[in-house]
J.: 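I am attaching a structure below and will ask some questions about it afterwards.
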Amino acid sequence: MGDPESDVTRRRETVENVPLTVSTRIRITLSEIEHLRDVPGVEARYGDEHIAMSVFRFDSEMLVTPHLAKLVGHDSPMLHLRRHQADGLFDRFAYHASELWSNGRDVWADEPSGRTEEEAPHG
């Protein structure tokens with residue numbers, strides 16, 4: 001997801017020009033995914049290269065919302081992609097998302113988990 005404090009996010013807010021800003025929507029998402037922070041396999045990363053697209057991948061299916069010019073995500077089309085062939089549309093979006101992911105920064109890298117010593121699992 002975009003970093004709510006980045007210049008890229010601020011530029012997108014200027015493009016969209018809506019009251020519910022990108023940084024506010026990112027903070028809402030961060031608040032919601034905080035509940036999943038300690039779930040094994042759940043990760044979140046900030047990326048500043050391309051924040052005008054939402055990609056959710058589930059094995060060989062994917063939901064992609066390319067945010068169209070001056071429109072917020074919910075006003076843009078959502079594409080439901082299924083992988084049927086090598087190097088098709090699914091693979092191209094998967095590659096794009098993978099590249100963004102590999103250059104991203106862990107959302108929780110510099111933040112404490114929020115657990116107290118008593119709440120932390122003991123082993």
Side-chain angles (χ1 to χ4, degrees):
M1 69 185 73
D3 184 334
E5 303 298 329
S6 76
D7 289 338
V8 173
T9 298
R10 283 189 272 287
R11 282 194 300 275
R12 184 65 193 180
E13 288 176 342
T14 301
V15 169
E16 290 182 0
N17 192 29
V18 295
L20 186 57
T21 64
V22 175
S23 56
T24 298
R25 296 191 315 262
I26 291 169
R27 286 186 180 93
I28 291 168
T29 301
L30 288 169
S31 176
E32 290 300 316
I33 67 170
E34 182 63 30
H35 304 289
L36 303 173
R37 181 182 193 150
D38 295 322
V39 174
V42 173
E43 299 176 63
R45 293 191 184 185
Y46 288 129
D48 293 323
E49 295 180 43
H50 190 284
I51 64 166
M53 179 181 307
S54 299
V55 179
F56 302 91
R57 183 175 178 182
F58 312 92
D59 299 322
S60 63
E61 295 194 39
M62 185 181 309
L63 300 173
V64 178
T65 302
H67 301 184
L68 302 179
K70 298 188 180 184
L71 296 178
V72 295
H74 66 267
D75 288 332
S76 296
M78 177 181 281
L79 310 172
H80 181 184
L81 306 178
R82 292 181 180 98
R83 188 172 195 277
H84 292 289
Q85 67 187 46
D87 201 34
L89 194 56
F90 179 94
D91 284 355
R92 291 172 187 235
F93 275 107
Y95 175 78
H96 176 75
S98 177
E99 283 295 302
L100 295 176
W101 183 263
S102 68
N103 294 318
R105 301 178 321 279
D106 186 339
V107 165
W108 298 304
D110 297 326
E111 298 179 13
S113 70
R115 288 183 177 175
T116 65
E117 185 60 33
E118 298 81 41
E119 295 172 321
H122 298 283

J.: Taking salt bridge (charged side-chain N to carboxylate O under 4.0 Å, His left out) as the definition, give me every residue that meets it alongside Arg25, ordered by chain and number, with sequence neighbours left out.
T.: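 Scan of Arg25 (salt bridge (charged side-chain N to carboxylate O under 4.0 Å, His left out), adjacent residues dropped) gives Glu16.
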J.: Can you name the residues that form a salt bridge (charged side-chain N to carboxylate O under 4.0 Å, His left out) with Glu5, not counting sequence neighbours?
T.: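 For Glu5, the residues satisfying salt bridge (charged side-chain N to carboxylate O under 4.0 Å, His left out) (neighbours in sequence not counted) are Arg27.
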J.: Determine whether Glu13 and Arg10 make a side-chain contact, defined as any pair of heavy atoms from C-beta on separated by less than 4.5 Å.
T.: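 Sidechains of Arg10 and Glu13: in contact.
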J.: For Ser23 and Pro4, work out which heavy atoms get closest and say how close.
T.: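 In this case the closest contact between Ser23 and Pro4 is CB-O, 3.5 Å.
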J.: Can you tell me how far apart CZ (Arg12) and OG1 (Thr21) are? Round to the nearest 0.5 Å.
T.: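 Output value for this atom pair is 12.5 Å.
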J.: Do Trp108 and Asp38 come within less than 4.5 Å of each other through their side chains, counting heavy atoms only?
T.: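 Of all side-chain heavy-atom pairs linking Asp38 with Trp108, none is under 4.5 Å.
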J.: Taking Leu79 as the starting point, is it possible to reach Val55 by hopping between hydrophobic residues whose side chains are less than 4.5 Å apart?
T.: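 Yes: a chain of side-chain contacts under 4.5 Å links Val55 to Leu79.
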J.: With a 4.5 Å heavy-atom cut-off, do Asp106 and Glu43 have their side chains touching?
T.: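 A side-chain contact under 4.5 Å is absent here.
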J.: So, for Arg45 and Ser102, which heavy atoms are closest and what is the spacing to 0.1 Å?
T.: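 Where Arg45 meets Ser102 most closely, the heavy atoms are NH1-CA, 3.9 Å.
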J.: Specify the closest pair of heavy atoms between Ser76 and Pro66, including all atoms of both residues, with the distance to one decimal.
T.: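 Minimum heavy-atom separation between Ser76 and Pro66: CB-O, 3.3 Å.
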J.: For Leu71, which fellow cluster members are found when Ile, Leu, Val, Met, Phe, Trp and Tyr are connected by side-chain heavy-atom distances below 4.5 angstrom, either directly or through intermediates?
T.: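 Under the 4.5 Å side-chain rule, Leu71 groups with Leu68.
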J.: Under the salt bridge (charged side-chain N to carboxylate O under 4.0 Å, His left out) rule, collect the residues that match up with Arg11, sequence neighbours excluded.
T.: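 Scan of Arg11 (salt bridge (charged side-chain N to carboxylate O under 4.0 Å, His left out), adjacent residues dropped) gives none.
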J.: Please round to the nearest 0.5 Å and tell me the distance separating atom CG of Leu81 and atom OG of Ser60.
T.: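 Separation between the atoms: 11.0 Å.
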J.: Regarding Glu34 and Arg37, does a basic nitrogen lie under 4.0 Å from an acidic carboxylate oxygen?
T.: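 Counted as a salt bridge, because a side-chain N and a carboxylate O are separated by less than 4.0 Å.
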J.: Quick one: are Leu30 and Tyr46 in side-chain contact, heavy atoms under 4.5 Å?
T.: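 SC-SC contact between Leu30 and Tyr46 confirmed.
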J.: Nearest 0.5 Å, please: how far is CZ in Arg82 from CD in Glu61?
T.: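 Answer for the CD-CZ pair, Glu61 versus Arg82, is 5.0 Å.
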J.: What's the shortest heavy-atom distance between Phe93 and Val64, and which atoms?
T.: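 So the two residues come closest at CE2-CG1, 3.5 Å.
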J.: Could you tell me which non-hydrogen atom of His67 sits nearest to which non-hydrogen atom of Ser54, and how far apart they are?
T.: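 Reported closest heavy-atom pair: NE2-OG, 3.1 Å.
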J.: Output all residues satisfying salt bridge (charged side-chain N to carboxylate O under 4.0 Å, His left out) with Asp91, sequence neighbours left out; order by chain, then residue number.
T.: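 Here the qualifying residues are Arg83.
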J.: Under 4.5 Å between side-chain heavy atoms, chaining through other members, with only Ile, Leu, Val, Met, Phe, Trp and Tyr counted: pull out the rest of the cluster around Met78, sorted by chain and number.
T.: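 Hydrophobic cluster check, Met78: joined to Phe56, Phe58, Leu63.
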J.: Report yes if the side chains of Ile33 and Met1 come closer than 4.5 Å at any heavy-atom pair, otherwise no.
T.: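 In contact.
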